[in-house]
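Structure first, then comments.
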Amino acid sequence: MSTMHTVLRDLGIQAVNSGGSTGSQWWSGRNDGSLLSSVNPSTGEQIAGVYPCSADDYQRIVKESVEAFRAWRMVPAPKRGEIVRLIGHALREKKDQLGTLVSLEVGKIKAEGDGEVQEMIDMADFAVGQSRMLYGVTMQSERPTHRMSEQWHPLGPVGVITAFNFPVAVWAWNAFVAAVAGDTVIWKPSPKAPLCAVAVQQICNRVMQQQGYAGIFSLLIAEHPALAEQMVQDERIPLISFTGSVPVGRRVASMVGQRLGRTLLELSGNNAVIVDQTADVDMAVRAVLFGAVGTAGQRCTTTRRLLIHESRYEELIGRLVKAYAQVHIGNPLDKDILMGPLIDHMAVEGYRAALDEIKKEGGEILCGGHVLSRPGYFVEPTIVRAQNRWPIVQRETFAPILYVMTFRTLDEALAMHNDVPQGLSSAMFSNDVRQCERFLSAAGSDCGIANINIGTSGAEIGGAFGGEKDTGGGREAGSDSWKAYMRRQTNTVNWGTELPLAQGIKFGS
Ligand code: NAD
């Protein structure tokens with residue numbers, strides 16, 4: 001593993017970086033705005049600075065993206081796929097360095113930082129295959145000598161707004177599929193992880209320059225929401241793919257809705273695991289530990305609620321509390337560390353406030369519950385005996401707090417499970433095939449993701465990823481998610497000499 005200095009150098013990160021780019025021929029310059037500081041959450045120290053984009057930079061980026069789209073949409077999709085393949089290859093070469101930068105900038109342990117880059121590589125491979133499979137269907141016409149079919153066309157520039165906690169992978173989920181679909185992409189990353197975005201843009205720029213393209217993948221780092229909102233309201237951008245919290249997602253959706261644009265929303269989760277009376281407790285403990293403590297509880301799919309059959313409560317909680325005590329917390333780049341810091345001071349305050357509210361409600365803290373007194377933003381992973389209806393349990397606190405509750409019947413468990421505003425990921429541990437099928441049935445979990453005998457987090461890219469209710473309804477990554485990035489056109493061709501109307505309508509002579 002490389003040191004911070006060599007990692008930054010290998011990824012082209014300077015002490016001060018530009019925050020806007022449309023390709024290697026153009027990076028934005030210094031502007032009057034303040035320098036955005038990228039802070040290592042393990043130490044609270046600055047890693048490097050970035051100049052956010054100005055309003056003029058924004059106009060330039062959108063203009064180039066619109067112009068590049070006109071040419072890119074006419075490049076055959078498999079050729080677009082070939083370029084994404086080369087970007088995937090470039091990412092393979094920088095996997096170690098980029099994985100380390102993810103750890104440095106957002107505090108994920110190294111294995112998870114590398115895993116995130118692997119996810120980008122997997123998405124590139126997936127998109128390359130998809131580039132030859134942008135299938136339309138044919139339909140049987142009710143009229144003689146008519147042929148009906150549908151085809152999928154590129155949509156236009158796509159605005160991709162991403163959250164801090166997946167600072168590179170979420171861009172790849174969107175950007176690679178959008179690119180093979182023939183769209184150009186303008187990325188507005190989280191200001192909490194600007195260096196990851198600059199590094200990815202550098203990698204992309206090199207490949208695109210070698211291939212003779214610019215303006216396909218652009219970067220728009222903004223310090224304040226104003227510029228992002230300008231993009232959200234911009235009619236030149238037909239699709240805004242937004243990943244983030246429910247309140248911001250709601251605002252983005254209503255702004256895009258005002259102009260009748262499209263949104264793809266990937267918002268907060270409040271994910272539960274149900275452990276029934278037949279469950280394999282060994283597996284459940286491991287899955288809940290990874291789901292609740294991994295990424296310091298800062299995944300959209302983090303396990304936040306654990307619903308245990310009352311007959312298994314003592315056994316499962318006893319084992320979990322022991323497992324929590326063995327979690328090493330510290331510098332995410334050190335071996336043996338399982339949990340790094342929260343992203344910033346605000347996140348620590350959110351953890352503290354949640355615990356205050358839990359105590360007021362009468363929640364029993366079974367383990368954890370403290371902010372660590374050391375540099376950086378470290379907290380203890382926490383387990384709380386709680387009640388599902390408490391407002392604090394109904395909300396997503398982006399921290400490692402697990403709420404546990406018990407149930408007697410599966411009906412009771414399912415009612416509790418679905419009784420939250422969010423609907424992202426869910427899991428059930430059971431060896432009873434009837435209970436499992438019930439959980440997966442139309443009357444079972446109401447989430448976009450429902451798993452049996454694996455946890456709520458760590459989805460594979462081959463499936464469509466996303467959730468229902470307040471999670472926003474969007475789907476990204478695998479399956480037929482590519483359709484969100486294209487426009488569908490229904491074609492009817494009359495190859496005869498008559499002009500029959502549909503539904504047998506006679507009009508005129
Ligand atoms: P956030 O909502 O604070 O920010 C997300 C992005 O929106 C950032 O890029 C931010 O700069 C931008 N933004 C802020 N205000 C904006 C505005 N008014 N208009 C347009 N953009 C604006 O979220 P966060 O704290 O970065 O990330 C954590 C949240 O993201 C959690 O709720 C988590 O569940 C969610 N998330 C969801 C998924 C998913 O796929 N469902 C994946 C990762 C994270």
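Ligands are counted one by one from 1 in listed order, and the atoms in each one are counted from 1 as well. A quick note: this is a predicted structure, and the numbers were derived from the prediction, not measured. Because only heavy atoms are used, hydrogens play no part in the values below, and waters and symmetry mates are left out as well, while side chains stay in.
Arg206 pairs by the side-chain hydrogen bond (donor to acceptor under 3.5 Å, both in side chains) definition with nothing, not counting sequence neighbours.
Side-chain contact, Thr301 with Thr456: no donor N or O sits under 3.5 Å from an acceptor N or O. Ser268 and Gln422 are not linked by any side-chain donor-acceptor pair at a separation below 3.5 angstrom, with hydrogens and angles left out of the test. At a cut-off of 3.5 Å, with distance as the only test, no side-chain donor of Glu64 or Ser218 sits close to an acceptor on the other residue.
Both the backbone and the side chain of Thr243 come within 4.0 Å of ligand 1, judged by heavy-atom distances. Contact annotation: for Thr162 versus ligand 1, heavy atoms closer than 4.0 Å belong to the backbone alone. Counting heavy atoms closer than 4.0 Å to ligand 1, residue Glu396 contributes side-chain atoms (C-beta onward) but none from N, CA, C or O. The proximity of Leu267 to ligand 1, defined as any non-hydrogen pair under 4.0 Å, is limited to the backbone.
Atom numbering of ligand 1 starts at 1 in the shown order; those under 4.0 Å from a heavy atom of Ser245 are 1 (P), 2 (O), 23 (O), 29 (C), 30 (O), 32 (O). Under a 4.0 Å criterion applied to the non-hydrogen atoms of Glu229, ligand 1 contributes the atoms 17 (C), 18 (N), 19 (N). Near Ala228, meaning under 4.0 Å from one of its heavy atoms, ligand 1 places the atoms 20 (C), 21 (N). Distances below 4.0 Å separate heavy atoms of Pro225 from the following atoms of ligand 1: 15 (N), 16 (C), 17 (C), 18 (N). Numbered from 1 in the order shown, with element, the atoms of ligand 1 that lie under 4.0 Å from a heavy atom of Pro189 read 9 (O). Near Val252, meaning under 4.0 Å from one of its heavy atoms, ligand 1 places the atoms 19 (N), 20 (C).
Nearest to atom 27 (O) of ligand 1 by heavy atom, out of Gly159, Ala169, Gly350, Ala163, is Ala163. The nearest non-hydrogen atom to atom 35 (C) of ligand 1, considering only Ala222, Gly244, Pro191, Ala459, comes from Gly244.
Annotation: atom 24 (P) of ligand 1 to nearest protein heavy atom, Phe164 CD2, 3.7 Å. Here the heavy atom of the protein found nearest to atom 13 (N) of ligand 1 is Val248 CG1, 3.8 Å.
Closer than 4.0 Å to atom 19 (N) of ligand 1 lies at least one heavy atom of the protein.
The N/O atoms of Trp173, backbone and side chain alike, include none that comes under 3.5 Å of an N/O atom in ligand 1. Annotation: Lys188 places an N or O atom under 3.5 Å from an N or O atom of ligand 1; distance criterion only. At under 3.5 Å, not a single nitrogen or oxygen of Asn165, backbone or side chain, sits near a nitrogen or oxygen of ligand 1. An N or O contact shorter than 3.5 Å is missing between Phe465 and ligand 1 by distance. At under 3.5 Å, not a single nitrogen or oxygen of Lys192, backbone or side chain, sits near a nitrogen or oxygen of ligand 1.
With Ile392 as the fixed residue, the side-chain contact (heavy atoms from CB on, under 4.5 Å) test singles out one of Val384, Ile358, Leu355, Ile401: Ile358.
Residue pairs meeting the salt bridge (charged side-chain N to carboxylate O under 4.0 Å, His left out) criterion with at least one partner in residues 169-194, sequence neighbours excluded, are Lys192-Asp344.
Here Lys110 pairs with Asp114 in a salt bridge; the nearest charged N to carboxylate O distance falls below 4.0 Å.
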